[in-house]
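This report concerns only the one structure given below.
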Amino acid sequence: MTLVGQSIEEFRGTVRAWLEANVPTSTDGLAPGELLDVAKRFQAGLYDAGLAGITWPAEFGGQGHTAAEQQALDEQAARFDLPTSPFRIGMGMCGPTLLDLGTPEQKARHIRPLLRGEEIWCQLFSEPGAGSDVASLQARASRDGDAWVVNGQKVWTSGAQWSDFGALLARTDPDVPKHRGLTMFIVDMHSPGVTVRPLRDMTGRAPFNEVYFDDVRLPADAVIGEVDAGWQAAVTMLGHERVSIGGSVRQRTDPLGFAGLVELARDKGCASDPVVRGELAQLYAAERALSLFNTRLQQEAAAGSPPGARGSVAKLAGAMVLWRAVQTAGQVAGPETVAWETDDARAGELATAINATPASSIAGGTNQVQRNIIGERILGLPKEPGSDRDIPFRELKVGTQRRS
Amino acid sequence: MTLVGQSIEEFRGTVRAWLEANVPTSTDGLAPGELLDVAKRFQAGLYDAGLAGITWPAEFGGQGHTAAEQQALDEQAARFDLPTSPFRIGMGMCGPTLLDLGTPEQKARHIRPLLRGEEIWCQLFSEPGAGSDVASLQARASRDGDAWVVNGQKVWTSGAQWSDFGALLARTDPDVPKHRGLTMFIVDMHSPGVTVRPLRDMTGRAPFNEVYFDDVRLPADAVIGEVDAGWQAAVTMLGHERVSIGGSVRQRTDPLGFAGLVELARDKGCASDPVVRGELAQLYAAERALSLFNTRLQQEAAAGSPPGARGSVAKLAGAMVLWRAVQTAGQVAGPETVAWETDDARAGELATAINATPASSIAGGTNQVQRNIIGERILGLPKEPGSDRDIPFRELKVGTQRRS
Amino acid sequence: MQLVLDQQQQELRTAVRKFLADHSPPERVRAVMDGSDVTDGYDRELWRRLATELGLVGLVVPEQHGGSGAGHVERCVVAEELGRVLTPVPFLASAVLAVDTLLALDDVAAQAELLPQLASGDLVGAVAVAEPGGSWYTAATGTTASMRDGTWVLDGCKTHVVSGDVAEFVLVHARTPEGTGWFLASGDAPGLRRTPLRTLDPTRQLSRLDFAATPVRPLAGDAAAVLAAVTDRAVVALAAEQVGGMERVLEMTTEYAKVRVQFGRTIGSYQAVKHGCADMYSAVEQACSALRYAAWTADHDTAQLPLAAALAQVVVSPAYFQATADTVVLHGGIGYTWEHDAHLYYKRAKTSELLFGSGEQQRQRLADRLGI
Amino acid sequence: MQLVLDQQQQELRTAVRKFLADHSPPERVRAVMDGSDVTDGYDRELWRRLATELGLVGLVVPEQHGGSGAGHVERCVVAEELGRVLTPVPFLASAVLAVDTLLALDDVAAQAELLPQLASGDLVGAVAVAEPGGSWYTAATGTTASMRDGTWVLDGCKTHVVSGDVAEFVLVHARTPEGTGWFLASGDAPGLRRTPLRTLDPTRQLSRLDFAATPVRPLAGDAAAVLAAVTDRAVVALAAEQVGGMERVLEMTTEYAKVRVQFGRTIGSYQAVKHGCADMYSAVEQACSALRYAAWTADHDTAQLPLAAALAQVVVSPAYFQATADTVVLHGGIGYTWEHDAHLYYKRAKTSELLFGSGEQQRQRLADRLGI
């Protein structure tokens with residue numbers, strides 16, 4: 001199937017038709033393993049239909065189209081619940097970073113299976129002692145001839161349990177300041193010495209993992225970009241992350257979304273209460289202003305101005321919208337927000353969403369970090385006097401760990 | 001008239017009776033000069049009735065009573081509009097600081113006329129380049145034999161136009177770090193070389209002044225406390241300031257007070273609107289929580305625990321209450337908040353209050369400074385790495401001024 | 001008014017805090033919560049000791065009924081401490097709601113029979129007011145009590161009943177042909193089905209109670225006045241729990257901010273974190289002041305209690321949730337884990353905020369009492 | 001939808017910004033505001049040049065009526081620039097409200113007669129809708145138009161009429177025996193008394209107009225539809241002004257934060273200030289996005305305009321005021337002086353926020369349009 005010569009309008013039609021025919025109607029109640037199979041089958045189909053990697057270079061398996069086609073696909077996709085979450089990290093971050101920095105061999109080896117959903121990727125940056133301050137990480141990759149040996153612990157790794165590959169950031173030189181001694185690696189998650197443990201978060205679920213590295217050997221060609229230039233690679237990847245977090249389309253079934261809360265208010269019989277109406281209107285305004293901002297960023301990107309640090313605005317605003325929604329939900333559902341009948345699935349989902357809300361202000365860089373980025377990179381305000389930027393990593397105190 | 005042996009209950013009765021008999025019914029429409037005369041007559045009467053300087057030592061003209069009598073007087077006074085604003089700085093800050101740090105001669109000379117309203121005081125700390133960072137001030141007091149010669153500019157001086165004395169903070173040694181080269185002086189505002197210019201603020205009024213010092217000579221005994229120990233004296237005085245700002249009783253006629261806005265809502269016919277009711281309730285809650293906090297501080301102080309840095313909480317919360325009130329006012333008065341008939345005095349006062357609201361977050365230490373104080377002095381959080389604390393003042397850049 | 005604890009009240013606080021530190025540490029709270037230690041959702045052993053050794057359950061129960069005859073200020077001191085450590089005991093249900101309802105009723109027989117057993121911890125009582133779709137504030141409309149074959153029976157459904165699943169008896173607000181009334185149902189009465197609800201807060205159980213011709217005993221008293229009196233006092237006790245929780249999360253956050261290093265500095269030296277802590281402190285101080293005032297009115301100025309209670313709730317409830325949300329966020333990733341205690345406070349705070357009704361209902365209630 | 005300005009629109013912006021920088025610097029704004037330069041409250045000379053040299057007044061007026069036939073996006077570009085520098089000209093009254101009302105009416109004669117004179121700046125028009133105690137949104141009820149001796153006369157009172165004191169004619173929304181209608185009154189008509197109101201914002205004049213048997217000319221058109229159409233478009237143009245002001249205060253604050261030193265560092269290096277600026281930037285970006293969408297619907301999707309206009313107002317109005325309040329505060333003392341421009345934006349922002357109705361009315365209006 002080829003799309004060459006199609007107009008955007010035709011392309012949109014093709015997308016719609018394919019999605020209508022191929023999106024699984026419901027994945028409720030499937031076990032994680034079954035869900036993964038559904039996802040892989042769907043992604044393979046999407047790829048084979050020429051609808052994966054829209055703007056990615058054709059040479060490595062992408063479609064080589066423009067942002068206009070991507071936008072058309074995103075618009076259509078927003079009307080469906082796509083089972084593509086296992087590929088989010090790979091498609092949103094690792095893949096684009098490989099395209100930016102990878103060797104031709106790395107691209108040839110990894111991009112096509114990634115796009116077709118055959119190989120799943122995860123991102124291995126955060127550590128218990130290195131959250132906002134990722135550059136202070138302690139996982140160590142030591143040279144062993146041409147190869148590397150990795151030891152250390154990563155945390156908050158989404159999808160590590162089903163990942164085939166990870167983008168690992170590790171310290172390769174502790175004798176230089178923290179930003180200068182890091183390297184990014186491709187790590188085969190099935191290697192000996194890699195242990196993945198689920199990490200239970202405050203919602204009670206375990207969508208994240210801790211990943212332990214115990215003398216894990218990596219070949220020389222596992223390096224992404226340059227040795228000791230891992231920080232630049234990480235910045236590249238985190239730039240992709242912020243856009244993909246802030247720009248993600250709100251699902252219609254989101255329990256904290258405006259649409260869901262209006263429906264809830266109607267069902268509870270309080271939608272005509274002026275206070276509830278006012279709060280819902282305010283929530284709509286916040287949600288819609290953010291989505292219009294995201295559209296504007298996309299249009300500017302399509303016109304040649306990449307969003308850069310402005311992705312931080314979307315990330316920050318997204319968190320604010322969620323916190324507002326938590327308040328609105330309490331107004332709408334009252335005491336039923338916090339205690340509900342066993343068979344009230346919607347109330348249960350709402351509660352889980354409320355419990356997950358703090359993640360919006362933490363994951364992918366805290367609100368404080370986003371504000372620093374906006375203030376410094378966009379507005380050009382001076383950095384804080386940095387006390388650790390020029391000190392060899394070996395001499396720094398990091399996290400809450402006491403050094404001997 | 002003596003109060004010795006009176007119970008608190010009797011004292012309260014005495015106060016009430018005196019205030020009922022002596023508080024001027026209305027000072028509306030009086031010219032500033034007339035207002036000042038009324039204020040001075042009232043304060044002299046208050047003093048002569050034994051009701052000024054309640055807790056101040058009898059030796060220097062105070063009454064030597066306890067905090068209980070002070071609280072009784074404050075409670076009674078809150079029911080009236082006392083014309084005592086010209087004495088606020090003297091009574092609230094300069095007098096207490098003189099009592100803390102002054103020589104016996106200084107106290108003997110100044111306290112009694114200050115308490116009787118015969119001599120008015122102002123505070124001369126802030127400069128255009130030294131706001132939050134008062135210690136970076138540039139006004140210079142140079143030794144000339146035993147005496148001092150002052151040059152420089154002060155700003156935001158309340159009451160300078162009618163003050164007889166000022167508490168001046170000036171730099172006496174620019175070769176040491178900024179906190180260590182300051183001295184506090186008593187300056188006679190009628191001295192040659194002192195120029196007072198009204199400073200128009202954003203409300204269009206000029207309740208503050210700029211004060212210029214041009215070779216003003218001060219005698220050796222003008223020093224309050226020790227030479228070069230002016231910072232400690234200033235901290236003492238600012239401690240009194242924060243308590244007196246945060247703890248001031250909200251007048252019933254305050255256009256941004258809960259009571260006034262409820263009345264306004266009733267008159268506008270929107271008091272039964274659920275949204276307006278909710279906002280008014282919220283404003284009441286904020287206002288009342290703050291006033292209860294102030295009462296608690298007073299009770300703790302009476303029980304022997306001085307408020308210390310907790311005055312910053314009152315100051316900060318006071319600003320937050322006002323900002324909330326601005327929003328509530330807009331909800332209540334709608335478009336009439338921003339345009340009104342010439343004869344609608346209440347609307348005019350509301351507008352002025354809205355225009356004055358930013359001062360609540362700036363004057364007496366910005367909200368940011370209050371939060372630093374709370375974080376560092378109460379919660380014990382570490383200070384920011386200070387880059388200017390150990391550098392001779394001469395080498396610092398201050399304000400927005402470029403140094404050659 | 002008196003907003004500062006006196007010597008004795010401070011000593012009570014110290015004693016309770018010490019006892020809970022020893023006997024209700026976080027591991028124990030989690031063991032009860034997970035059901036790994038006990039199966040009925042609360043710490044029965046601790047409850048017995050709080051009742052008998054410390055006499056805290058019957059604090060406001062008159063001495064003639066086996067209590068200490070102390071005041072609401074004292075009870076709030078205890079609630080504050082329990083809220084600080086999230087001790088899973090039926091204090092709110094039994095020592096607050098049930099005790100206050102019995103005290104507010106005019107039913108001398110019921111008082112004489114039940115109050116001593118509540119005070120001793122031998123019985124746990126619960127109070128049922130809210131119904132599905134409503135809140136505590138909208139009060140009962142659908143549950144009806146009627147005479148059948150010479151006995152009173154109850155039909156209908158109550159929900160969000162605090163400790164409703166474990167209580168030995170339930171005091172139920174219901175409609176009768178002559179108006180509203182209060183009725184006493186045994187926890188194991190025929191025709192009473194008790195269903196634990198799913199809850200946001202894993203440390204506080206709430207239940208749905210379905211009544212189908214359940215035999216009950218009518219209780220003497222002015223039903224509406226009792227409901228109002230109980231609600232105000234419960235709101236104040238809950239506010240005390242909330243303030244205790246706020247104090248604890250402020251401590252947790254401040255302590256963490258002093259040891260966690262990022263970018264070469266402890267995070268508490270950054271204004272973003274420092275000012276967040278300062279705002280939390282300001283909120284705690286004001287919340288505590290509103291609470292102290294409300295507790296004081298409950299003992300010394302009951303005419304002002306309705307206003308003071310509504311005020312305390314409007315001040316404290318959103319402030320507690322904000323403080324816990326900030327706590328999770330200021331802790332960063334570790335605060336988001338199940339393993340860290342921050343989330344327990346977050347969930348308790350959200351639950352307390354909405355337990356009796358929405359924030360807007362609380363504001364409207366305050367407006368009512370302000371005569372707006 | 002198109003949320004990014006095209007080449008031509010960007011050039012228009014550059015041209016207008018340049019012109020205003022040259023001809024409407026802060027000193028000039030203050031001179032007009034103080035009445036030291038002109039006495040009728042607006043910059044007549046500048047207005048003439050904006051109309052004739054730049055053709056900005058008749059931007060959306062069709063070419064056949066002497067305008068440029070451009071779109072609302074273009075007009076918003078101009079409003080944004082005027083809002084940036086607070087130029088005291090009757091753009092909102094004449095180039096927005098009066099032009100839009102005439103365009104929305106079906107009165108071909110009035111259009112042919114008045115639009116060219118509005119476009120050329122020869123006449124200033126104003127539109128009168130709100131009445132005392134009400135708002136623009138609650139619309140006219142008390143002002144009545146009736147036939148007397150063969151001519152229509154108007155009785156009643158209108159208030160908050162933008163540029164009502166200087167307009168050569170006023171379009172009045174009034175009640176007739178058959179419903180509502182629009183009427184044209186000359187600025188100097190007999191029986192029309194115009195009283196400038198006291199205003200928070202010294203750069204925008206608002207007036208009260210009292211009509212006593214004032215002779216007027218009825219205008220053809222669906223009165224309610226015209227009011228709705230004009231209101232939505234005016235809200236969008238006002239939002240553009242507001243966004244322009246936000247952009248300017250963000251610049252002012254950021255610039256100051258880079259040069260002002262306290263405690264040995266520029267204040268912009270402190271997180272409290274930096275994060276304040278970052279929040280302001282985020283608000284500006286979102287406000288601008290909501291505005292661009294609303295302006296686009298006015299040109300390309302009028303079915304969505306009512307919702308988009310209400311959205312823009314709810315997003316932009318409080319955000320602008322917040323930005324100006326933060327601007328004053330982040331400047332510290334200097335920002336609180338009359339001499340600094342910060343307060344002019346603060347007052348303009350508060351006035352714009354409430355000009356057509358309270359924030360709650362705006363939210364309820366948005367809720368209406370969302371079908372809640």
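Everything quoted here is computed from the prediction, not taken from an experiment. Sequence lines set the chain letters: A, B, ... in the order given, protein chains first and strands last, and positions in each chain run from 1. Computed over heavy atoms, backbone and side chain alike; hydrogens, waters and symmetry mates excluded.
- Per-residue counts of heavy-atom pairs under 4.5 Å with chain D were compared for B:Ala359, B:Ser361, B:Ala351; the largest is that of B:Ala359.
- For residues 324-336 of chain B, the salt bridge (charged side-chain N to carboxylate O under 4.0 Å, His left out) pairs, not counting sequence neighbours, are B:Lys268-B:Glu336.
- Note that CZ of B:Arg200 is 7.5 Å distant from NE2 of D:His343, once rounded to the nearest 0.5 Å.
- Between B:Ser132 and D:Phe263 there is a side-chain heavy-atom pair separated by less than 4.5 Å.
- Between chain D and the options B:Ser360, B:Ala135, B:Gly330, the largest number of non-hydrogen pairs under 4.5 Å is found for B:Gly330.
- Chain B forms the most heavy-atom pairs under 4.5 Å with one residue out of D:Asp201, D:Val261, D:Thr199, D:Val329, and that residue is D:Val261.
- The local environment of CD in D:Glu339 is sparse, with at most 12 non-hydrogen atoms from other residues, nucleotides or ligands closer than 6.0 Å.
- Side-chain atoms of D:Val328 and B:Ile362, non-hydrogen and from C-beta on, do get closer than 4.5 Å to each other.
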Determine, stepwise, if the pair B:Met202 / D:Thr337 fulfils side chain to side chain contact (heavy atoms under 4.5 Å, CB included).
CA-CA 5 Å; B:Met202 67 181 271; D:Thr337 61; over 6 Å; no
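- In this structure, OG1 on B:Thr203 lies 7.0 Å from NZ on D:Lys347, to the nearest 0.5 angstrom.
- For D:Lys350, the parts lying near chain B are the backbone and the side chain together; criterion is any non-hydrogen pair under 4.5 Å.
- Chain D is approached within less than 4.5 Å, heavy atom to heavy atom, by B:Val275 from residues 269-277 of chain B, ordered by number.
- The CZ atom of D:Arg265 sits 11.5 Å away from the CG atom of B:Asp133 when rounded to the nearest 0.5 Å.
- For the pair B:Glu384 and D:Tyr270, the minimum side-chain heavy-atom distance is below 4.5 Å.
- Of residues 203-211 of chain D, those residues lying under 4.5 Å from chain B by any heavy-atom pair are D:Leu206, D:Arg208.
- Counting heavy atoms from C-beta on, the side chains of D:Thr159 and B:Trp340 never come closer than 4.5 Å.
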Stepwise, does the side chain to side chain contact (heavy atoms under 4.5 Å, CB included) test hold for D:Phe321 with B:Val326?
CA-CA 11 Å; D:Phe321 180 65; B:Val326 168; 4.0 Å; yes
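- In terms of modelled atom types and a separation under 3.5 Å, the side chain of D:Glu360 and the main chain of B:Gln331 share no donor-acceptor contact.
- The line from CG of D:Leu197 to OG1 of B:Thr342 is 7.5 Å long, rounded to the nearest 0.5 Å.
- In this structure the side chain of B:Val338 never reaches within 4.5 angstrom of the side chain of D:Glu353, judged on heavy atoms.
- Within a 6.0 Å sphere centred on CZ of D:Arg194, other residues, nucleotides and ligands contribute more than 12 heavy atoms.
- Atoms CG and CG, on B:Leu350 and D:Leu200 in that order, are 9.0 Å from each other to the nearest 0.5 Å.
- For residues 346-363 of chain B, every residue pair satisfying the salt bridge (charged side-chain N to carboxylate O under 4.0 Å, His left out) rule, not counting sequence neighbours, is listed here: B:Glu263-B:Arg346, B:Asp267-B:Arg346.
- Interface remark: D:Leu344 contributes no atoms to any contact with chain B (heavy atom separation under 4.5 Å).
- With a threshold of 4.5 angstrom between heavy atoms, B:Ser136 approaches chain D through side-chain atoms but not through N, CA, C or O.
- D:Tyr336 and B:Trp156 have tilted rings, their planes meeting at an angle from 30° to 60° on a 0 to 90° scale.
- Within the 4.5 Å cutoff, the side chain of D:Tyr346 has heavy atoms near those of the B:Asn355 side chain.
- The residue among B:Arg205, B:Gln368, B:Glu341, B:Gln327 with the most heavy atom pairs within less than 4.5 Å of chain D is B:Glu341.
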